[in-house]
Amino acid sequence: MNITRRDFVVKGGMGLLALGLAGPLGLLDWDQHIASAAAQDNILVVIQLSGGNDGLNTVVPYSTGAYYDNRPTLAIAQKDALHLDNNLGLHPSLPNLKKLYDSGNLAIINGVGYPNPNRSHFRSMEIWQTAAPDKLDEQTGWLGRYLDLTTNAAKNPVAAVTVGPGSKIFLAKNNDAPGVTHLDTFKLILRKAKGADRLRRQDAFFKLYDKPTEPTLILPTAKGHTAIQSSNTIQSVVKSATAGTSYPENSAFGDNLELIAQLVSSGLGTRTYFSMLDGFDDHSHEKDEHARGLKELDSALSAFYNDLVQRNVANRVTILVYSEFGRRVKENASNGTDHGTAGPVFVIGPQVQGGLYGQLPSLTQLDSGDLKYQVDFRSVYSTLLDKWLKAPSKDVLGGSFENLKFL
Amino acid sequence: MSTAKIAHLLRRTGFTATKAQVDALSSLSIPQVVDKLLNAALTAPKPPDGLDEKTDIKKLVQWWIDIMVRTSNPLQEKMTLFWHGHFTSNYRKVRNIDLIAQQNVLLRKHALGNFRDLAYNISIDPAMLIYLDNNTNLKKSPNENYARELMELFTLGIGTYTETDVREVARALTGWTTSKGDRKAIFQKNQHDESNKTIFKKTDNFDLKKTIDWIVEQPTCATFITTKLWQAFASPTPDPAVIKSLAKTFVDSGYEIKALLRAMFTSDAFYASTTYRSLVLSPVEYIVGMYSLFPNAKYADDKQALNLLTQMGQQPFDPPSVAGWPGGAAWLSASALFIRYNFVDWFTLQLTESDFALNPTSSIPALLNDALNKYGLMDLSPHTRVVIESYLNKSNLASKETIYRGLLHLLLVSPEAQVH
């Protein structure tokens, strides 16, 4: 059985790699391409808070009686909330986000969700990542479709990069976004091989992955090819990690954001990044656990923002922060909350028009104990696509959604 | 042809398929081999006890890896690993390594047993009671965490139940908790909601036992479990007709896991060309396979190896979510692949010339074939063979340790060695 290049692309779940397979793995072309793509292009960094972040305890409706009625042990006291206006305040663990809000660089969109909310973590994450709430088994992510409209893996193997654990957000037909976690191990390491043997082994390793072979090996070959191409590209341009700002200690999420800042300032032609912070599934002991999670978010995001400013690239970066759902209005007996629906979304950056958008859903007119969404999440995506990434949102989202004014 | 089938079966039911292993079974028919594998004596290794909750998770991981490498019943370990990704718990939330070890013992005990028994027993496993919060599921205000994941991830699959079913099942499971101090599973009658519940349109005074029986009895349960096992052991893209037939066998057997596996491993579809090499080796399978080939090599208690395993994406007892590990192509992310390739470099450096156990020869094809037979990679693609022969041709066969190391490294980082 012959393998067509199309097979390699489709079955490998990735881009028109064949175009990049003919030549050696030399990088001169990449340098040129990256030089032209870099510098002027806007960059979107997407952050997912996994587990279902409690929106009501993140953006606190401190003047609403029903909030305190439903949250006897978990409610944030009016005096502790970091007041945004006369009704809403941020959780006390978010002082740096409050500063960004005060300086006009944080847009908070309240009540974001979608019709017929799904309370499964995995389905709801999939819905946010694919932006296809009505379609089961969607095989592309919303930013994957954006990638396919604008580039392909042969042109740029690092058009999108995941730092840390992966997701469906970049799944695409003609692209395969690499996942990167630590740069020092993101390359072939031969600790003791020497001289000619070392070169022979390196050469053989690259050749193992330089072309599609037989049908049963398309997937591992294509994935190895992605790894090699993206490693070569990144290692050839990356600059050292000399940041002046301090990221939180013992935070993999902070480390991941630091790596993104490093990659952005290296002038890599990457337009979209994805990373996640886990640990928001607070069915029990929510008070401490939620405060810990938000503190990590707040300190890492603030270090990241300052790092981007110091590296002189902040103007090109917008950050989106969402969670797959909020939580039940009424707390449970375990001092926690069960899975809910709509929640707030944050959009952060020097180019963002800070302020409050959307609307906090009613805490008394509920749907099975859960909030009714006020803003379709695809309106947020549509705004980012049209106004920031300058891509036709309708083609990515398969429909038109009202753009918001935060950009 | 039948040796190729036996090799395929051994790779799927165990961690290695060397030529010697295949040859030892080649006089048997496939059903005979399957029975031999399924009826191997069960093992019940005892985990180290008194583990420190803060520092000793790596000791438990190392213990299990060693068990997998040295077990006389690889299928039981593979099934234990499968159930660990299915009925999963995470030591970070449970915060008690002994309970995590106990859960591992429970999964191994029931690995090839009855699914209904397993579903019941895992529901009152202390680590699980803590992990999914049923230990604080109380009559006055139920906690839905376990009820939802029990149906969504453990038995039925998403879209097969309503939000009302979730709330009703949560009520039915109220009262099961862990005792203070010794953390045993206990039932607190005064915290249990005795009133009627309506689950899947049946109204009854449901308790845990009745609830598990009723959920397992739903036709979607057999389909869901059969599909998941097929995707783990046969192919990521099951044929619905095959699943239907296997699920019927499963139901007819009274949910005996062994009966289902026997039907799977003896089915024609299990040996179809589309299932061949269609599964990606998980990091644990990858390194256990590697270690098993060199049982005398000194790798034990190496923290670096366990750190690399974590970076490959699969530290046992630390799944990324209640859904276990994503698997498939997700194992082959760019960063995870480089950790694999670099793990092999680390591993080959642990071996001495005699560990490789290769026959001295001056013939390159003979050397390569000897390695392929001993390392269980008999079906090398022509392209990989050319690349590796070319490496050997350019090398000096006299420096044995160097060339053995290079040869093993290239074989284990090849595309062939990432799948099975």
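Naming: A, B, ... by sequence-line order, numbering from 1 per chain. For the numbers below, each heavy atom of this structure counts, side chains included, while hydrogens, waters and symmetry mates do not.
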J.: Using heavy-atom distances under 4.5 Å, tell me whether A:Ser230 contacts chain B through its side chain, its backbone, both, or neither.
T.: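 When you check distances to chain B, only side chain atoms of A:Ser230 fall under 4.5 Å.
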
J.: Grab the two heavy atoms, one from B:Leu138 and one from A:Ala333, that are nearest each other, plus how far apart they are.
T.: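 Minimum heavy-atom separation between B:Leu138 and A:Ala333: CD1-CB, 4.2 Å.
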
J.: So if I take each residue of residues 407-420 of chain B and look for any heavy atom under 4.5 Å from a heavy atom in chain A, which residues do I end up with?
T.: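 Counting heavy atoms that sit under 4.5 Å from chain A, the residues of residues 407-420 of chain B involved are B:His409, B:Leu410, B:Val413, B:Ser414, B:Pro415, B:Glu416, B:Gln418, B:Val419.
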
J.: With rounding to the nearest 0.5 angstrom, report the OG1 to CZ distance, B:Thr348 to A:Arg201.
T.: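 The OG1 atom of B:Thr348 sits 5.5 Å away from the CZ atom of A:Arg201.
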
J.: Please walk me through it: do B:Tyr341 and A:Tyr209 pass ring-ring contact (aromatic ring centres under 6.0 Å, His included)?
T.: CA-CA 12 Å; B:Tyr341 304 148; A:Tyr209 288 97; 5.8 Å; yes

J.: Determine, step by step, whether A:Glu289 and B:Lys93 satisfy the salt bridge (charged side-chain N to carboxylate O under 4.0 Å, His left out) criterion, reporting the C-alpha distance in whole Å, the side-chain angles of both residues, the deciding distance to 0.1 Å, and the verdict.
T.: CA-CA 11 Å; A:Glu289 292 293 315; B:Lys93 177 158 177 183; over 6 Å; no

J.: For B:Phe224, which residues count as a ring-ring contact (aromatic ring centres under 6.0 Å, His included) partner, sequence neighbours excluded?
T.: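 With sequence neighbours excluded, B:Phe224 shows a ring-ring contact (aromatic ring centres under 6.0 Å, His included) to no residue whatsoever.
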
J.: What's the spacing between A:Asp367 CG and B:Glu163 CD if we round to 0.5 Å?
T.: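 Atom-to-atom, A:Asp367:CG and B:Glu163:CD are 10.0 Å apart.
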
J.: Taking the basic N atoms (NZ, or NE/NH1/NH2) and the acidic carboxylate oxygens, is any pair closer than 4.0 Å for A:Arg119 and B:Glu152?
T.: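 The answer is no: the pair does not qualify as a salt bridge.
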
J.: Among B:Leu153, B:Val386, B:Val280, B:Asn135, single out the residue with the greatest number of heavy-atom pairs under 4.5 Å to chain A.
T.: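 Looking at each of B:Leu153, B:Val386, B:Val280, B:Asn135 in turn, B:Leu153 comes out on top.
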
J.: Side chain, backbone, both or neither: which part of B:Ala323 has a heavy atom under 4.5 Å from chain A?
T.: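 Both parts, backbone and side chain.
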
J.: Would you give the length of the straight line joining atom OG of B:Ser278 to atom CG of A:Leu219, rounded to the nearest 0.5 angstrom?
T.: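 Between atom OG of B:Ser278 and atom CG of A:Leu219 there are 10.0 Å.
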
J.: Could you list the residues that satisfy side-chain hydrogen bond (donor to acceptor under 3.5 Å, both in side chains) with B:Glu144, not counting sequence neighbours?
T.: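 Here the qualifying residues are A:Arg328, B:Arg148.
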
J.: Is a side-chain donor-acceptor pair under 3.5 Å present for A:Ser334 with B:Asp133?
T.: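 No, A:Ser334 and B:Asp133 have no side-chain donor paired with an acceptor closer than 3.5 Å.
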
J.: Contact between B:Ile158 and A:Asn118 at the side-chain level, heavy atoms closer than 4.5 Å - yes or no?
T.: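 Result yes, sub-4.5 Å side-chain heavy-atom pair found.
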
J.: Using non-hydrogen atoms and a 4.5 Å limit, figure out which bit of B:Pro382 sits close to chain A: side chain, backbone, both or neither.
T.: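 Interface part for B:Pro382: both.
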
J.: Please say whether more than 12 non-hydrogen atoms of neighbouring residues, nucleotides or ligands are located less than 6.0 Å from CZ in A:Arg198.
T.: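 It does: A:Arg198 CZ has more than 12 such atoms within range.
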
J.: Show the nearest heavy-atom pair for residues B:Val387 and A:Ala204, with the distance to one decimal.
T.: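 So the two residues come closest at CG1-O, 3.4 Å.
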
J.: Sub-4.5 Å heavy-atom contacts with chain B: which residues of residues 273-283 of chain A show up?
T.: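 Residues A:Asp278, A:Asp281, A:His283 are the ones that qualify, each having a heavy atom under 4.5 Å from chain B.
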
J.: Got a second to check how far A:Arg200's CZ is from B:Ser390's OG, nearest 0.5 Å?
T.: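 If I round to the nearest 0.5 Å, the distance is 9.5 Å.
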
J.: Report yes or no: does B:Asp345 contribute a side-chain atom to a donor-acceptor pair with the main-chain N or O of A:Arg191 at less than 3.5 Å?
T.: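 Indeed, once roles are kept as given, a pair shorter than 3.5 Å links the two residues.
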
J.: Is it the backbone or the side chain of A:His182 that comes under 4.5 Å from a heavy atom of chain B, or both, or neither?
T.: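 It is the side chain, since no backbone atom gets that close.
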
J.: Might you point out which heavy atoms bring B:Ala334 and A:Pro178 nearest each other, and give the distance in Å?
T.: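 Distance-wise, the nearest heavy atoms are CB-CB, 3.8 Å.
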
J.: Is any side-chain heavy atom of B:Val322 closer than 4.5 Å to one of A:Phe122?
T.: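 Yes. Closest side-chain heavy atoms under 4.5 Å.
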
J.: Select one option (side chain, backbone, both, neither) describing which atoms of B:Leu332 are under 4.5 Å from chain A's heavy atoms.
T.: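 Both parts, backbone and side chain.
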
J.: Which of parallel (below 30°), tilted (30 to 60°) and perpendicular (above 60°) describes A:Phe186 and B:Phe338?
T.: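 Judged by the thresholds at 30° and 60°, the geometry between A:Phe186 and B:Phe338 is perpendicular.
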
J.: Above 12 or not: heavy atoms from other molecules or residues under 6.0 Å from CG of B:Asn393?
T.: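 Yes - once you tally the heavy atoms of other residues, nucleotides and ligands closer than 6.0 Å, there are more than 12.
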
J.: Please examine the side chains of B:Gln311 and A:Thr185, heavy atoms only from C-beta on, and report whether any two atoms are closer than 4.5 Å.
T.: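 A:Thr185 reaches B:Gln311 side chain to side chain.
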
J.: Rounded to the nearest 0.5 Å, what separation is found between the OG atom of A:Ser284 and the CG atom of B:Asn137?
T.: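 Atom-to-atom, A:Ser284:OG and B:Asn137:CG are 11.5 Å apart.
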
J.: Above 12 or not: heavy atoms from other molecules or residues under 6.0 Å from CG of A:Asn116?
T.: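 Not buried by this count: 12 neighbours or fewer within 6.0 Å.
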
J.: Just by modelled atom types, is the A:Gly336 backbone N or O under 3.5 Å from a matching donor or acceptor in the B:Asn143 side chain?
T.: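 Absent.
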
J.: Identify the two heavy atoms, one from B:Asn342 and one from A:Lys187, that lie closest to each other, and give their separation to 0.1 Å.
T.: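 Result for this residue pair: ND2-O, 2.9 Å.
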
J.: Hey, what do you get for CD1 (B:Ile388) to CG (A:Leu208), rounding to the nearest 0.5 Å?
T.: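 One finds 5.5 Å between CD1 of B:Ile388 and CG of A:Leu208.
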
J.: Non-hydrogen atoms of chain A under 4.5 Å away: do they reach the side chain of B:Lys139, the backbone, both or neither?
T.: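 No part of it gets close to chain A.
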
J.: What part of B:Thr384 gets closer than 4.5 Å to chain A, counting heavy atoms only: side chain, backbone, both or neither?
T.: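 Contact with chain A is through both the backbone and side chain of B:Thr384.
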
J.: Taking all non-hydrogen atoms of both residues, which atom of B:Arg167 and which atom of A:Ser368 are closest, and how far apart?
T.: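 Closest pair (atom of B:Arg167, atom of A:Ser368, distance): NH2-O, 3.0 Å.
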
J.: Please classify the contact between B:Lys394 and chain A as side chain, backbone, both or neither, with a heavy-atom cut-off of under 4.5 Å.
T.: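 It is both, since atoms from each part get that close.
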
J.: With a sphere of 6.0 Å drawn around CG of A:Asp137, does it hold more than 12 non-hydrogen atoms of other residues, nucleotides or ligands?
T.: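 Atom CG in A:Asp137 is not packed in, count stays at 12 or less.
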
